[in-house]
Amino acid sequence: MSTDARTPQGSGDLGILIGFDGSEHARDALLYAARAAQRAGTQLTVVNAYTIPPMVYGVPAEFSVEDSLEVNARTILDEARELLDGYPGKVNYLIERGDAAGVMVGLSSQAELAVVGARGRGGFVGRILGSVSSALPAHSHCLTVVVPSGYADDAPAGPERFAPPQDDSPVVVGVDGSERSHMAALAGAKVATARSAPLVLSMTVPPPETFNPWYPGAGINSEATMSRLQELENEIEEEAARLRELFPSLHTTVRVELGDPVEALAEGSASAQLTVVGTRGHGRVVSTLLGSVSRGVLLRAEGAVMVAPTPQD
């Protein structure tokens, strides 16, 4: 079952929301979203958005331009239909007028999960991380997954491609003791439990000479540094214990090490089935909605990255 529509006021749950613009990255993200919807037993909502160039407002050509843009949007959604041929679940197709990032953020309040490719079409295509995948994780009302290029390369042909893959690799959560990392850990625990996957709580502490507040006066491999790392590991172990109480079947391990947090999580994403981060934490750019570590991981990740939204309460 599928429909084409604009989002009505007061519409119901959109399930798994996927922003689709026809790019290769969007095609990879579409497969990820379809599998996520199958795993969650919910509907899949595919949305395309368009904007009218400012120079055509107020002139008779506006109507023909909008008609042309809407026709193009329908053509793009037809591409999504072809890619979803044989998909067994319910699919809802939406065409929205407005900035793509703003549309996705607005619709995220009605979704369980929002999915985007790491980069798409348009004026920002030359950037490493596209405009939508930059803005959405920072402002989304729900969990967001950014899917890297190449995700669909090894997918089988036919309807079997939509079945959630069986994967023994871990779900890795980047933690730093902040409230936002607690939310990320909880989100990662839920995902790992649903997938019967192991959970790794990973804290990578910058070397003493680059971030002294972690352990003032300490040096690499000094007794003070090793003592501080042990303290941090104990703190993360306490969080792991709380998660085990909430999710008794969850196998959780803790990893605390010296290094660059972005590099560690980004490189580790290649061997993780999902890497989870918060919107911001104890990093140096704490005033931004999407912190330096989270954004750095999104820019460099080799695997899918989930961003847990900022707690509202």
Side-chain angles (χ1 to χ4, degrees), residues 1-23 25-51 70 73-118 120 130-147 151-152 162-164 183 186-187 190-191 194-195 274 276 279 304-312:
M1 176 180 178
S2 64
T3 58
D4 271 344
R6 296 182 185 278
T7 308
Q9 295 297 318
S11 63
D13 180 20
L14 298 178
I16 308 300
L17 177 68
I18 163 71
F20 185 79
D21 64 2
S23 66
H25 287 75
R27 289 167 176 253
D28 290 331
L30 182 63
L31 178 60
Y32 186 100
R35 290 173 169 177
Q38 285 294 288
R39 181 181 282 113
T42 188
Q43 75 168 328
L44 176 66
T45 298
V46 186
V47 61
N48 180 266
Y50 67 90
T51 56
E70 185 163 339
R74 292 186 181 279
T75 299
I76 291 173
L77 289 184
D78 284 342
E79 294 178 23
R81 280 193 181 86
E82 293 180 7
L83 293 170
L84 291 173
D85 182 44
Y87 178 73
K90 178 182 178 181
V91 185
N92 186 29
Y93 296 90
L94 298 179
I95 296 174
E96 294 289 315
R97 176 173 163 175
D99 171 72
V103 165
M104 288 293 290
V105 169
L107 293 177
S108 70
S109 65
Q110 305 170 56
E112 299 175 25
L113 175 72
V115 181
V116 288
S131 58
V132 176
S133 51
S134 292
L136 180 62
H139 300 276
S140 178
H141 301 283
C142 68
L143 295 165
T144 302
V145 171
V146 179
V147 182
Y151 172 79
F162 304 117
M183 298 299 293
L186 181 60
K190 291 180 178 178
V191 171
R195 300 185 181 188
L274 185 67
V276 186
T279 48
V305 177
M306 172 181 282
V307 180
T310 300
Q312 299 302 308

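Values reported hereafter were calculated over all heavy atoms of this structure, with side chains retained and with hydrogens, waters and symmetry mates removed.
- The shortest side-chain heavy-atom distance between Pro309 and Leu143 falls under the 4.5 Å cut-off.
- The CD1 atom of Ile95 sits 5.0 Å away from atom CD of Glu70, with the distance rounded to the nearest 0.5 Å.
- Checked options Val115, Val47, Val116; the residue passing with Ile18 is Val115 (criterion: side chain to side chain contact (heavy atoms under 4.5 Å, CB included)).
- The line from OG1 of Thr75 to CD of Glu79 is 7.5 Å long, rounded to the nearest 0.5 Å.
- Taken to the nearest 0.5 Å, the CG atom of Leu30 stands 12.5 Å off from the CD1 atom of Ile16.
- When the side chain to side chain donor-acceptor pair (under 3.5 Å) test is applied to Arg35, the partners found at least two apart in sequence or on another chain are Tyr151.
- Nearest approach of Val145 to Ala304, heavy atoms of both residues: CG1-CB, 4.2 Å.
- Every side-chain contact (heavy atoms from CB on, under 4.5 Å) that Val191 has, sequence neighbours left out, goes to Val171, Arg195, Leu274, Met306.
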_Test side-chain contact (heavy atoms from CB on, under 4.5 Å) applied to Phe162 and Leu31, step by step_ = CA-CA 7 Å; Phe162 304 117; Leu31 178 60; 4.0 Å; yes
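- When atom types are taken as modelled, the side chain of Gln38 and the backbone of Tyr87 share no donor-acceptor pair closer than 3.5 angstrom.
- The CE atom of Met104 sits 13.5 Å away from the NE2 atom of His139 when rounded to the nearest 0.5 Å.
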*Could you go step by step and tell me if Val46 and Leu84 meet the side-chain contact (heavy atoms from CB on, under 4.5 Å) rule?*
CA-CA 11 Å; Val46 186; Leu84 291 173; 4.2 Å; yes
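- Pro137 has its side chain within reach of Val146: a pair of non-hydrogen atoms, C-beta onward, lies under 4.5 Å apart.
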*asked:* For a side-chain contact (heavy atoms from CB on, under 4.5 Å) check, start with the C-alpha distance between Leu44 and Asn92, then their side-chain angles and the critical distance, and finish with the verdict.
replied: CA-CA 6 Å; Leu44 176 66; Asn92 186 29; over 6 Å; no
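- Under the side-chain contact (heavy atoms from CB on, under 4.5 Å) criterion, Ala100 pairs with Ala49, Val132, not counting sequence neighbours.
- A distance of 6.5 Å separates CG of Leu94 from CG of Leu14, quoted to the nearest 0.5 Å.
- Minimum heavy-atom separation, Arg27 to Gly22: NE-O, 3.5 Å.
- The minimum heavy-atom distance linking Ser108 with Leu17 is given by the pair N-CD2, 4.0 Å.
- Across every non-hydrogen atom of Ala36 and Leu113, the tightest pair is CB-CD2, 4.1 Å.
- Closest heavy-atom contact between Ala114 and Cys142: N-SG, 3.6 Å.
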*Could you walk me through whether Leu77 and Arg74 pass the side-chain contact (heavy atoms from CB on, under 4.5 Å) check?*
CA-CA 5 Å; Leu77 289 184; Arg74 292 186 181 279; 5.6 Å; no
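- Contact detail for Ala80 and Tyr93: the closest heavy-atom pair is CB-CE2, 4.1 Å.
- To the nearest 0.5 Å, atom CG of residue Asn48 and atom CD1 of residue Ile76 are 4.5 Å apart.
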